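This report concerns only the one structure given below.
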Amino acid sequence: MRPFDRAVYRLVSMIPRGQVATYGQIAALLGAPRAARAVGQAMKRCPAGNGVPWHRVINARGGVSLRANVAGMLTQRILLEREGLRLVGQRVDLHRHRWRGAKRRPAAAPTLARL
DNA sequence: ATAGTGACCGCGT
DNA sequence: AACGCGGCCACTA
């Protein structure tokens with residue numbers, strides 16, 4: 001398993017029950033604020049039944065993202081509802097449930113480091 | 001090493 | 001408010 005993937009799973013595992021994080025948020029916490037898509041790919045490859053609360057990762061609009069299997073989307077929504085999240089239509093109320101637990105890392109724009 | 005891909009994101013119609 | 005477009009960057013073939 002790739003280091004990046006592990007880092008993503010480790011972070012996702014810290015999201016408490018009843019709260020959610022966005023792909024971009026996870027990316028930012030990893031120090032790569034522009035790598036939201038990569039986080040999505042990591043989640044896509046997330047092995048099932050490994051204890052990682054994959055359903056707590058949603059997109060910036062509070063919606064469930066899944067291309068391939070529609071069943072997966074429903075599953076995610078059901079899991080979220082089961083955790084008592086307040087849904088506004090098809091979307092999670094981010095203002096209310098966004099995870100604020102992890103500390104930001106020193107930051108210093110990683111994009112600049114690339115120059 | 002290079003080119004293609006996408007469970008994203010933010011901004012402009 | 002909803003939709004489209006282009007940038008992004010880690011991963012894959």
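None of these values were measured; they are calculated from a predicted model. Letters go in sequence order (proteins before strands), and every chain restarts at 1.
- Within the 4.0 Å cut-off from OP1 or OP2 of C/dC11, not a single side-chain nitrogen or oxygen of A/Arg37 is found.
- In the hydrophobic cluster analysis, where Ile, Leu, Val, Met, Phe, Trp and Tyr join through side-chain heavy atoms closer than 4.5 angstrom, A/Leu80 is grouped apart from A/Val57.
- For the side-chain contact (heavy atoms from CB on, under 4.5 Å) criterion with A/His97, the lone passing option out of A/Ile58, A/Leu87, A/Leu85 is A/Leu85.
- C/dC11 atom C1' lies 14 Å from atom CE of A/Met1, rounded to whole Å.
- Comparing C/dC8, B/dC9, C/dA10 by their closest approach to the side chain of A/Ala38 singles out C/dA10.
- Between B/dC8, C/dC11, C/dC8, one nucleotide has an atom nearer to the side chain of A/Phe4 than all others, and that is C/dC11.
- As rounded to whole Å, 17 Å separates atom C1' of C/dC9 from atom CD1 of A/Ile26.
- Rounded to an integer number of Å, the gap from A/Gln41 CD to B/dC9 P is 13 Å.
- Closest to the side chain of A/Arg34, from the set B/dG6, B/dA7, C/dC9, is C/dC9.
- The CZ atom of A/Arg2 sits 15 Å away from the C1' atom of C/dC9 (whole-angstrom rounding).
- Both A/Tyr9 and A/Phe4 are assigned to one and the same hydrophobic cluster, defined by single-linkage of ILVMFWY side chains at heavy-atom distances under 4.5 Å.
- Between C/dC11, B/dC8, B/dG10, one nucleotide has an atom nearer to the side chain of A/Tyr23 than all others, and that is B/dC8.
- Residues A/Arg100 and A/Gln19 bring no donor and acceptor atom of their side chains to less than 3.5 Å of each other.
- For A/Ile58 and B/dC8, the CD1 to C1' distance is 13 Å, given to the nearest whole Å.
- Inspection of the A/Arg98 and A/Gln25 side chains reveals an N or O donor paired with an N or O acceptor under 3.5 Å.
- Note: CZ (A/Arg6) to C1' (C/dC11) measures 15 Å, nearest angstrom.
- Between the CE atom of A/Met73 and the C1' atom of B/dC8 there is a distance of 14 Å, given to the nearest Å.
- At C/dT12, one or more side-chain N or O atoms of A/Arg45 fall inside 4.0 Å of OP1 or OP2 (strictly under the cut-off).
- Between A/Asn59 atom CG and B/dG10 atom P there is a gap of 10 Å when expressed in whole angstrom units.
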